[in-house]
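Here the structure comes first, spelled out in C-alpha cells, and everything after it is commentary.
For the numbers below, each heavy atom of this structure counts, side chains included, while hydrogens, waters and symmetry mates do not.
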Amino acid sequence: MSIALDAPHVTDKARELRADLVERATKLRPLIAGNADRTDRERDVPAENVAALAESGLLSLLRPARHGGLQTDFRTLLEVSREVGRACGSTSWVTTLLNINSWFVGLFPAQAQDDVWGGTPQSHIAGVITPSGTAEAADGGYLVSGRWAPASGSAHADWAMLGVKRPDAEGTTDATGLVLVPMSELTVEDTWFVSGMRGTASNTLVGKDIFVPAHRFHSTPDAVEGHYATPYTDEALYRSAFVPAAALVLAGPQLGLAEAAVEILREKAPQRSLTQTFYAIQAEAPIIQQAAAQAASLVDSALLHAYRAAADIDEAAHHGIQPDYDVRARIRMDAGVAAVHAREAIRLVCSAQGASSFGESNPLQRIWRDSETGSRHAALRSDVASDIYGKSLFGIRGTVTEFV
C-alpha cells in the first residue's frame with residue numbers, strides 16, 4: 001500500500017534511504033513474526049529480535065549522525081514501526097520507544113549526549129516522561145528518587161530517561177524535567193502483567209538518591225515550547241516539536257497491526273465458508289466484502305492522518321519553526337484518530353472472521369489485544385485529543401494539559 005503524502009523538503013536521496021530501511025524491516029518480518037508468540041508468552045522481546053533490528057540500523061533512526069546514527073525523520077520512523085508492527089506489535093512498540101528516546105537524548109546538552117553515546121554508540125535508552133520522581137538539588141546536580149512506569153524496552157536499555165519534579169524550582173520552567181540515568185543505577189520491578197503489548201516488558205524502574213549531574217537535566221516546559229538544550233541547532237531533526245513527535249510515533253505500531261489484520265482477512269476469506277449460511281466461500285459474501293472494504297479504508301485513513309502529521313512535524317523542523325499551539329493540537333488529534341481508525345479496522349476484521357478470531361492459535365487475537373492496549377496509551381487517547389483540539393478551534397488554549 002502506498003501513501004505518498006510527505007514533507008515538501010524531503011529529497012529523493014532521503015526517500016531512497018527510507019525505502020531501504022523499510023525493506024530492511026520487511027526482511028526481518030519472518031524472524032519477528034516467528035517469535036511473536038514467544039514474545040507474548042515470555043513478556044519480553046527476544047534478544048535475537050533486538051540484535052537483528054540493531055544490526056539493520058533500525059534502532060538508530062533518530063540517533064545523531066555524530067554518534068553513528070542515521071538521523072532520519074519522523075515519517076521514516078512511522079514507516080519502519082508500521083512494517084515491524086505487521087509482524088509483532090510488541091517488537092514494533094519497543095522499536096519505536098528505543099528510537100524516540102534516542103531523539104529525546106538528542107535534545108540534551110552535548111555533554112549529556114556524550115555521556116550516553118561517547119564510548120558506546122550503540123547504547124539504547126528507555127524512558128518515562130511522566131514526572132513520577134523527584135530531583136532534589138545537590139552539589140553539581142540532583143539526587144533523584146522515584147518509581148517510573150511503564151518503562152517500555154527497559155529490558156534492552158543501557159540508559160533511562162525519567163520524568164521528575166523539582167520542589168526547589170516550583171514556579172519556574174525547571175519545576176518539571178527529564179533526567180538521564182544509567183540503567184545500572186536503577187532497579188527493575190516486574191510489574192507489567194497486561195492483556196496486550198505483553199512483550200514490551202514495560203516494567204517499573206525504581207531509584208533512590210541517585211546522583212545526576214546538572215547537564216543531564218532538561219526542563220520539560222522548555223521542551224514543550226521547543227526550547228532545547230542541544231547546541232547543534234543546525235540539525236533539523238532535533239528542532240522537531242516535542243509533544244507532537246512523542247505522541248505521533250506511538251501510532252506507528254497501530255498502523256502495522258491494522259494492516260496485518262486486513263492481510264489475514266484477505267488471505268483467509270477465500271479459504272473458509274461462512275458458517276451457518278449458504279456461502280461456501282467467505283470472500284463471496286457481501287458482508288465480508290463490506291467488512292474488508294471498510295477495514296482497508298480505515299487503514300488508509302489512519303495512514304493519511306499519521307503521515308500528514310509527520311509531514312507537518314518534519315517540515316516545520318526543516319525550516320526551524322516551532323508549530324503554534326493550534327497546529328500542535330491538530331497533530332495530536334491526527335495521532336489519536338490514526339490509532340482509533342487502526343483499532344476499528346482490526347475490530348471489523350475480528351467480527352468478519354467470527355469467534356475463531358480469538359482462538360489462541362490465531363494471530364488475530366494477539367493483534368486485537370495489542371491494538372486494544374497500545375492504542376489507549378495516554379498520548380494517543382482520542383477523547384483527550386478531541387478536548388484539546390476542539391477547544392483550540394474556539395481559541396481556548398492550555399486548559400487541558402501541558403502536553404500539547
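- Closest of all the heavy-atom pairs between P323 and V327 is CB-CG1, 3.8 Å.
- With hydrogens and angles left out, the side-chain atoms of R381 and S386 include no donor and acceptor closer than 3.5 Å.
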*Mind running side-chain contact (heavy atoms from CB on, under 4.5 Å) on L303 and L255 for me, showing each step along the way?*
CA-CA 7 Å; L303 289 168; L255 302 176; 3.8 Å; yes

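- Between V299 and A345, the shortest heavy-atom distance links the atoms CG2-CB, 3.9 Å.
- The shortest non-hydrogen separation linking A52 to L31 is CB-CD2, 3.7 Å.
- Here the shortest heavy-atom pairing between D168 and A137 reads OD2-CB, 3.8 Å.
- In this structure, the separation between NZ on K268 and CD on E263 is 12.5 Å, given to the nearest 0.5 Å.
- For the atom pair OG1 (T134) and CG (L143), the distance works out to 9.0 Å, reported to the nearest 0.5 Å.
- With no hydrogens or angles considered, a side-chain donor-acceptor pair links D73 and T76 at under 3.5 Å.
- Panel note: side chain S301, backbone S297; a donor-acceptor pair is recorded below 3.5 Å.
- At least one test fails for R239 against the ring of Y228: distance under 6.0 Å to the centre or angle within 45° of the axis.
- Heavy atoms only, all atoms of each residue included: A251 and A335 are closest at CB-O, 4.3 Å.
- Within 6.0 Å of CZ on F193 lie more than 12 heavy atoms contributed by other residues, nucleotides or ligands.
- At most 12 non-hydrogen atoms from other residues, nucleotides or ligands lie less than 6.0 angstrom from CD of E170.
- With hydrogens and angles left out, the side-chain atoms of S81 and T96 include a donor and acceptor closer than 3.5 Å.
- Residues E48 and R38 are paired through a salt bridge, judged by an N-O separation under 4.0 Å between the basic side chain and the carboxylate.
- E235 has a carboxylate O that lies under 4.0 Å from a charged side-chain N of R66, or vice versa, which qualifies the two as a salt bridge.
- With S351 contributing its side chain and L348 its backbone, the two residues share no donor-acceptor pair below 3.5 Å.
- Under the 3.5 Å distance criterion, with hydrogens and angles disregarded, no donor-acceptor pair is assigned to the side chains of T204 and W148.
- A side-chain donor from one of S123 and T120 sits under 3.5 Å from a side-chain acceptor of the other.
- Within the 3.5 Å criterion, the main-chain N or O of L58 finds no donor-acceptor partner in the side chain of S56.
- Remark: R332 fails to qualify as a cation-pi partner of Y389 under the 6.0 Å distance and 45° angle criteria applied to the six-membered ring.
- At a threshold of 4.0 Å, the pair R376-E372 counts as salt-bridged, since one of the basic side-chain nitrogens sits closer than that to a carboxylate oxygen.
- Here the straight-line distance linking atom CG of L186 with atom CH2 of W159 works out to 10.5 Å at 0.5 Å rounding.
- Looking at Q294 and E344, their side chains never bring a donor and an acceptor atom within 3.5 Å of each other.
- Using a 3.5 Å distance cut-off with no hydrogens or angles, the side chains of R166 and Y142 do pair a donor with an acceptor.
- Between E83 and R24 there is no salt bridge, since no side-chain nitrogen of the basic residue lies less than 4.0 Å from a carboxylate oxygen of the acidic one.
- Ring pair F242/F104: centre-to-centre distance below 6.0 Å.
- Although no hydrogens or angles enter the test, the distance criterion places a donor-acceptor pair under 3.5 Å between the side chain of S357 and the main chain of C350.
- Put simply, the side chain of T373 never gets that close to the backbone of D370: no donor and acceptor are under 3.5 Å apart.
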*Going through the checks in order, is the side-chain contact (heavy atoms from CB on, under 4.5 Å) test met by N35 and C88?*
CA-CA 8 Å; N35 284 335; C88 174; over 6 Å; no

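- Atoms OG and NZ, on S145 and K208 in that order, are 4.5 Å from each other to the nearest 0.5 Å.
- Between the side chains of N101 and H124, no donor-acceptor pair of N or O atoms lies under 3.5 Å.
- Between R330 and D334 a salt bridge is recorded (basic side-chain N to carboxylate O distance below 4.0 Å).
- Distance alone, capped at 3.5 Å, is enough to place a donor-acceptor pair between the T72 side chain and the L61 backbone.
- A donor-acceptor distance shorter than 3.5 angstrom exists from the side chain of S356 to the backbone of Q353, with no hydrogens or angles considered.
- We find the CD-OG distance between Q122 and S60 to be 7.0 Å, quoted to the nearest 0.5 Å.
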*Given the rule in the side-chain contact (heavy atoms from CB on, under 4.5 Å) test, do W117 and V105 qualify, once you have shown the distances and angles that lead to the verdict?*
CA-CA 10 Å; W117 292 308; V105 175; 3.5 Å; yes

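- For the residue pair W192 and T200, a side-chain donor N or O sits within less than 3.5 Å of a side-chain acceptor on the partner.
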*Output, in order, the C-alpha distance, side-chain angles, deciding distance and verdict of side-chain contact (heavy atoms from CB on, under 4.5 Å) for D20 and E16.*
CA-CA 6 Å; D20 177 59; E16 288 171 5; over 6 Å; no

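- Ring pair H9/H318: centre-to-centre distance below 6.0 Å.
- When the shell of 6.0 Å around CZ of R266 is examined, it contains 12 or fewer heavy atoms from other residues, nucleotides or ligands.
- Within the model, atoms CD1 of I346 and OG of S375 stand 8.0 Å from one another, a figure rounded to the nearest 0.5 Å.
- We find that R328 and E225 are joined by a salt bridge, their nearest charged nitrogen and carboxylate oxygen being less than 4.0 Å apart.
- A salt bridge links R198 with D40: at least one charged nitrogen is closer than 4.0 Å to a carboxylate oxygen.
- Judged by distance alone, the side chains of R82 and Q254 never bring a donor and an acceptor atom under 3.5 Å apart.
- Checked by atom type and distance alone, the side chain of T130 never pairs as donor or acceptor with a backbone atom of S132 at under 3.5 Å.
- Under 3.5 Å, the side chains of H156 and D44 contain a donor-acceptor pair of N or O atoms.
- A distance-only check finds no donor-acceptor pair linking the side chain of R216 to the backbone of A112 [under 3.5 Å].
- Of the possible polar contacts, one joining the T277 side chain to the Y279 backbone as a donor-acceptor pair under 3.5 Å is found.
- A donor-acceptor pair shorter than 3.5 Å cannot be found between the side chains of S371 and R343.
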